[in-house]
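Structure first, then comments.
Lettering follows sequence order; numbering is per chain, from 1.
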Amino acid sequence: MEYNFLEIEKHWQDYWSKNQTFKVETDNSKPKFYVLDMFPYPSGAGLHVGHPLGYIASDIYSRYKRLKGFNVLHPMGYDAFGLPAEQYAIQTGTHPAETTGKNIKRYREQLDRIGFSYDWSREVRTCEPSYYKWTQWAFLEMFGHWFNNNTNKAHKIEELTAIFSKEGNMNIQAANTETRVFTAQQWNSMSEKEQADVLMNYRIAYLGETSVNWCPALGTVLANDEVKEGLSVRGGHPVEQRKMKQWQLRVSAYAQRLLDDMEELEWSDSLKEMQKNWIGRSQGAEMIFKVSNGTREFDLEIFTTRADTVFGATFMVLAPESEWVEKLTTQEQKSSVDEYLASAKKKTERERMTETRNVTGVFSGSHAINPFTGKQIPVWISEYVLAGYGTGAIMAVPAHDSRDYVFAKHFNLPIIPLIEGCDISQESFDAKEGIMCNSGFLNGMTVNEAIPAAIDQVEKRGLGKRKVNFRLRDAIFSRQRYWGEPFPVCYKEGVPTPMDVKDLPLELPDVDKFLPTEEGEPPLARAKDWTYNGYPLEKSTMPGFAGSSAYYLRYMDPSNNKALVSKEANNYWRNVDLYIGGTEHATGHLIYSRFWNKFLYDLGYVCEKEPFKKLINQGMIQGRSNFVYRVKGTNQFVSYGLKDQYDTTEIHADVNLVHNDKLDMEAFKKWMPEYANAEFILEDGEYICGWAVEKMSKSMFNVVNPDTICDTYGADTLRMYEMFLGPLEQSKPWDTNGIDGVHRFLKRFWRLFYKDGVFSVSQEKATPAELKVLHKLIKKVQEDIENFSFNTSVSAFMIALNELYDSGCNKKEILEPMVILLSPFAPHMAEELWHKLGNITSVSQAKFPEYIHEYTIEDSFEYPVSFNGKLRYKLTLSNSMTSQEIEKIVREHENTQKYLSGAIVKKVIVVPKKIINIVC
RNA sequence: GCGGGCAUGGCGUAAUUGGUAGCCGCGCCAGACUUAGGAUCUGGUGCCGAGAGGCGUGGGGGUUCGAGUCCCUUUGCCCGCACCA
């Protein structure tokens with residue numbers, strides 16, 4: 001019987017689904033293992049061959065872990081809120097829920113064809129009210145908590161009000177955006193609204209004015225990770241900075257913990273590094289400079305990591321958006337400052353970035369006093385200082401900071417070198433090395449000594465204190481969009497008031513159109529009676545990352561309507577053991593999810609500090625485009641090897657018309673009407689196409705649909721080939737050349753079980769040689785799966801098969817364990833053969849075969865003997881010999897053979913099972 | 001500019017982690033069978049050379065009996081961050 005993959009795959013997919021083979025329950029008698037894929041956004045284009053790469057890897061691992069006796073949680077769901085469905089809705093009027101539902105159906109069909117072992121009974125969709133109820137619930141919890149910097153965790157807001165009414169806020173160490181200091185009396189005499197305003201600045205989910213990334217084209221604000229190079233990640237529209245009142249999550253409060261807890265995670269170094277940079281911890285000091293605008297004096301606070309360079313601070317710079325600009329602009333300078341601010345405001349974020357090297361700035365008219373030199377220094381305003389970092393003001397040390405240097409040169413400000421012998425004629429000396437000079441009490445110290453010494457002095461003189469700053473900003477949580485979770489918040493006399501948890505979920509209302517209103521309000525403003533207890537509800541919705549931040553918890557207990565996850569389920573499944581997904585989430589989802597989890601951990605809802613123990617980033621699959629070469633002005637197409645003899649135009653040809661870079665000419669003619677009469681100039685009777693690696697996209701005609709591969713080769717071939725393509729973490733182009741090799745392997749494997757078309761396996765005892773092949777394979781496959789080196793384990797199967805094929809082995813003793821080994825990779829074929837072998841339960845319930853060492857021991861080994869690194873001869877020696885015994889034999893051999901014509905063997909180096917090297 | 005990674009046959013890759021470089025697959029060459037296929041099977045295939053032999057892991061240098069692997073240096077490519085004081 002031929003290997004009929006279409007029939008086999010359909011049959012076993014139905015069997016798994018009917019028998020719920022992969023359904024799991026908490027089971028305390030078995031160790032748990034949680035394998036998770038980053039769930040997809042179901043886009044209209046469906047899956048291409050690159051998407052399942054990570055899913056196949058995680059499925060192999062899940063199936064392997066089941067064979068190893070683990071109770072494996074391996075769920076799948078959909079990140080279903082998002083921009084594309086909404087934009088489609090704006091264009092066509094189709095409700096996003098409808099579009100999303102359709103897309104999910106298509107995704108499911110495609111996923112099912114690949115034979116994944118998901119427990120679909122646990123599927124979640126972030127756009128379902130029963131799911132987003134818990135997103136809203138988490139938001140309310142964040143609203144009801146504040147972050148105590150002393151305990152380094154979240155506490156109930158009621159604890160805070162109790163403290164306020166006893167002692168005001170002077171002793172509180174909290175992560176907050178409150179600038180006022182008040183006593184208990186002051187607090188107690190505040191109106192309810194004033195108190196609410198103050199508390200808002202302490203909440204973990206809070207409404208606050210901030211500079212946001214506003215995208216006019218999308219009509220919404222975006223988080224920092226949703227903006228790249230001044231353009232929106234979705235759609236690539238320009239983004240500008242605007243001051244707006246928005247809901248935010250106080251992620252920055254958790255910055256230190258996010259950094260510290262990364263230590264124990266098994267994530268790649270590069271990903272950890274990315275998160276570290278994003279969190280951006282820097283240690284330094286806050287320092288106060290006295291400033292005067294001629295009529296009034298102020299204390300201007302700055303942040304610096306180089307307190308040691310304070311003697312060289314020859315001017316100060318404010319960010320244009322800084323609140324100090326107004327206070328410190330003098331009458332004479334007002335018009336030029338206003339002009340500068342106006343021009344700075346007009347620029348988009350992108351323009352500001354591309355003009356990086358253009359030095360701009362304006363003098364405020366005010367002066368500061370350098371607290372260490374006592375000298376008067378001017379205060380400038382410039383775009384190169386960011387409002388959002390530190391205090392939005394800096395002391396400029398042009399000799400030792402390249403940005404300050406460029407600015408000083410441009411505006412002719414003084415530059416004072418502070419390090420002995422440094423050359424600052426062309427550029428600043430930024431390195432933290434050398435001996436200090438021109439620096440009063442710091443003179444003679446090294447930079448590394450001077451930094452703490454300077455800060456000590458700052459603290460002693462009461463000029464400031466040590467301070468750690470983070471680059472990580474609070475996450476902006478509002479989106480002026482329709483297709484997202486509504487905020488469970490209403491406005492009572494303008495005071496944001498949470499809904500009662502009992503009334504969740506707050507369902508997304510119907511609207512007549514998905515566009516903003518004429519007044520520029522978000523789409524939810526169109527909803528009829530969008531109120532709660534008669535009060536108007538919030539009209540923004542939550543961003544994409546809201547629903548994806550805790551989905552891994554929901555899978556543990558997906559239909560619980562009393563809690564996000566029950567204590568029992570959480571205590572059993574704990575956290576994700578293996579998480580597979582792309583790097584694109586390094587600074588978005590993977591930070592937010594960790595934050596969300598830590599918050600729930602503080603509240604006691606989850607038992608693990610970190611959500612994802614081990615993380616693997618699968619590489620991107622790029623497209624491999626094919627080209628044909630049309631001779632200019634003709635209808636002739638010339639083969640790749642001959643194209644240089646003609647003047648040609650390179651044209652994309654659909655990769656589905658090409659096999660092993662050979663064009664199917666008839667199919668090409670039918671592809672598009674303009675090619676119907678194409679003529680071909682061939683080499684050796686074939687038309688060879690050129691190729692290039694490009695992004696996989698429709699416009700390049702290089703999209704390969706997994707369904708097509710399943711139709712022609714089967715899901716098992718697709719799975720194995722995707723793994724065979726190269727290391728999982730490496731990006732690589734999808735290249736169908738070579739898929740035949742994997743397919744051939746499966747057909748050959750199949751034929752091991754069939755003699756003259758009849759299923760027949762022998763009950764004979766296996767020979768030691770055959771057992772050796774099997775046990776070598778067991779060892780290799782086990783090691784490779786555990787190291788996620790799936791490409792080499794596919795090779796190992798091929799090697800084992802080649803060896804068995806040579807001896808014509810069809811013994812059950814060998815083949816049955818091999819079927820189990822193969823089952824994670826090619827589950828359909830394995831299941832079919834497993835049942836043919838007489839088993840009645842699924843191969844996924846089998847036990848992974850034990851590796852027996854004795855079958856791999858070589859009794860003898862051919863040792864190469866090298867003389868000073870050069871191969872000289874080989875000796876066949878026993879493997880059980882000790883190094884000393886081997887050395888003795890080599891010495892005797894050398895003596896009898898007189899290889900060295902009298903030279904004395906000084907040293908014999910024996911590397912076990914490898915090589916022997918002699919030195920004379 | 002800062003940080004991380006990569007570089008091996010015509011191609012994708014492998015190398016027991018410092019031990020005979022090129023496993024496995026594609027492609028290619030030769031052959032067998034044939035119901036003529038994009039099937040199956042056998043053998044060959046790093047480069048130069050008729051051969052003996054020589055050369056070979058981006059380039060240069062070093063450590064070592066021994067380096068694709070470690071160190072220094074240089075070139076090229078990929079990814080992330082980018083006025084973060």
Side-chain angles (χ1 to χ4, degrees), chain A residues 2 228-229 268-278 280-282 284 302-306 309 317 319 352-353 355-357 359 382-386 388-397 400-404 406-407 430 469-473 583-584 586-587 619-620 624 659-662 664 691 712 721 724-727 729-733 735-745 747-748 751 780 783 789 791-802 805 862-871 874 906-920:
Chain A
E2 270 304 294
K228 271 211 172 114
E229 291 168 5
S268 72
D269 289 341
S270 67
L271 198 90
K272 283 186 180 179
E273 201 58 41
M274 262 190 238
Q275 288 217 342
K276 263 183 211 159
N277 291 341
W278 191 259
R281 183 185 199 272
S282 60
I302 58 103
F303 174 75
T304 181
T305 54
R306 292 293 301 272
T309 61
V317 189
R352 249 172 110 158
M353 287 169 103
E355 290 170 17
T356 295
R357 293 296 153 216
V359 183
S382 174
E383 285 181 316
Y384 86 88
V385 174
L386 303 175
Y389 186 77
T391 61
I394 62 153
M395 67 170 194
V397 185
H400 302 291
D401 182 288
S402 51
R403 296 153 302 180
D404 298 343
V406 174
F407 194 81
D430 291 13
N469 246 318
F470 293 96
R471 204 187 78 109
L472 183 70
R473 310 290 160 81
T583 357
E584 65 271 21
T587 52
M620 286 254 289
R624 186 181 188 277
H659 190 84
N660 286 343
D661 290 334
K662 287 172 200 148
D664 180 338
W691 61 274
T712 34
Y721 185 58
F724 184 66
L725 223 40
E729 304 196 57
Q730 191 176 301
S731 284
K732 55 230 156 188
D735 180 356
T736 319
N737 299 346
I739 196 166
D740 291 317
V742 171
H743 191 59
R744 203 168 290 150
F745 160 77
K747 282 193 285 190
R748 274 158 53 100
R751 282 203 302 270
K780 180 80 176 137
E783 281 171 1
S789 177
N791 54 328
T792 53
S793 50
V794 176
S795 295
F797 276 112
M798 293 178 174
I799 295 166
L801 182 66
N802 285 343
Y805 231 75
E862 208 173 44
Y863 283 82
V865 180
S866 302
F867 165 58
N868 285 352
K870 274 195 173 174
L871 179 67
K874 289 179 182 179
K906 274 191 204 150
K907 205 160 109 189
V908 177
I909 299 156
V910 180
V911 180
K913 291 188 210 173
K914 301 285 180 211
I915 193 167
I916 298 161
N917 210 313
I918 57 177
V919 186
C920 302

Residue pair Arg471(A) / Asn277(A): nearest heavy atoms and the distance that separates them: NE-O, 3.2 Å
Once you apply the 3.5 Å cut-off to both distances, tell me the Watson-Crick or G-U wobble partner of G43(B), or none. C29(B)
Ring pair (Phe, Tyr, Trp, His ring centres under 6.0 Å) partners of Phe407(A), counting only residues at least two apart: Phe315(A), Trp380(A), Tyr384(A), Phe411(A)
Please name all residues satisfying salt bridge (charged side-chain N to carboxylate O under 4.0 Å, His left out) with Glu783(A), sequence neighbours left out, ordered by chain then number. Lys779(A)
Base-pairing assignment for G9(B) (Watson-Crick or G-U wobble, both under 3.5 Å): none
Can you name the residues that form a side-chain contact (heavy atoms from CB on, under 4.5 Å) with Ser268(A), not counting sequence neighbours? Ser270(A), Leu271(A), Asn617(A)
Which distance, rounded to the nearest 0.5 Å, do you find between the OG1 of Thr712(A) and the CD1 of Ile739(A)? 7.0 Å
Indicate, with a heavy-atom threshold strictly under 4.0 Å, whether Arg281(A) touches base, sugar-phosphate, or nothing. nothing
If I pick the C1' atom on U42(B) and the same atom on G46(B), what distance separates them, to the nearest angstrom? 23 Å
Polar-atom pairs under 3.5 Å, protein N or O versus N or O of nucleotides 28-32 of chain B: list them with distances, or write none.
unit_1, atom_1, unit_2, atom_2, d
C28(B), OP1, Lys662(A), NZ, 3.3

Can you name the side-chain contact (heavy atoms from CB on, under 4.5 Å) partners of Asn791(A), sequence neighbours left out? Pro727(A), Ser789(A)
Check nucleotides 76-81 of chain B against the protein and report each pair of N or O atoms closer than 3.5 Å, with its distance, or say if there are none.
none

Sugar-phosphate, base or nothing in reach of Asn802(A), heavy atoms under 4.0 Å: sugar-phosphate
Just confirming the chi classification of G76(B), syn or anti, using 90° around 0 as the syn window. anti
Identify whether any heavy atom of Ile394(A) sits under 4.0 Å from a base atom; if not, whether one sits that close to sugar-phosphate; answer base, sugar-phosphate or nothing. base
Base of U17(B) relative to its sugar, syn (within 90° of 0) or anti? syn
If A82(B) has a Watson-Crick or G-U wobble mate with both distances under 3.5 Å, name it; if not, just say none. none
Report the residues that fulfil ring pair (Phe, Tyr, Trp, His ring centres under 6.0 Å) with Phe724(A), sequence neighbours left out, ordered by chain and then residue number. none
Of all residues at least two apart in sequence or in a different chain, which pass the salt bridge (charged side-chain N to carboxylate O under 4.0 Å, His left out) check with Lys272(A)? none
Which residues share a side-chain contact (heavy atoms from CB on, under 4.5 Å) with Ser282(A), sequence neighbours left out: Phe303(A), Thr305(A), Tyr389(A), Asn469(A)
Output one line per pair: protein atom, nucleotide atom from nucleotides 41-45 of chain B, and distance, for all N/O pairs under 3.5 Å.
unit_1, atom_1, unit_2, atom_2, d
C41(B), OP1, Arg748(A), NH1, 3.1
C41(B), OP1, Arg751(A), NH2, 3.1

How far does CD1 of Ile302(A) sit from OG1 of Thr391(A), to the nearest 0.5 angstrom? 6.5 Å
Mind checking if Lys747(A) touches a base, just sugar-phosphate, or nothing, with heavy atoms under 4.0 Å? sugar-phosphate
Closest-nucleotide mapping onto RNA chain B: is Phe470(A) or Ser789(A) further toward the 5' terminus? I mean the 5' end. Ser789(A)
Where does G58(B) land, syn or anti, given syn is within 90° of 0? anti
By salt bridge (charged side-chain N to carboxylate O under 4.0 Å, His left out), which residues pair with Arg624(A), not counting sequence neighbours? Asp661(A), Asp735(A)
Strand partner of C65(B), provided both Watson-Crick or wobble distances fall under 3.5 Å: G19(B)
Report each atom pair, protein N/O against N/O of nucleotides 4-12 of chain B, whose distance is under 3.5 angstrom.
unit_1, atom_1, unit_2, atom_2, d
G12(B), O2', Leu725(A), O, 2.6

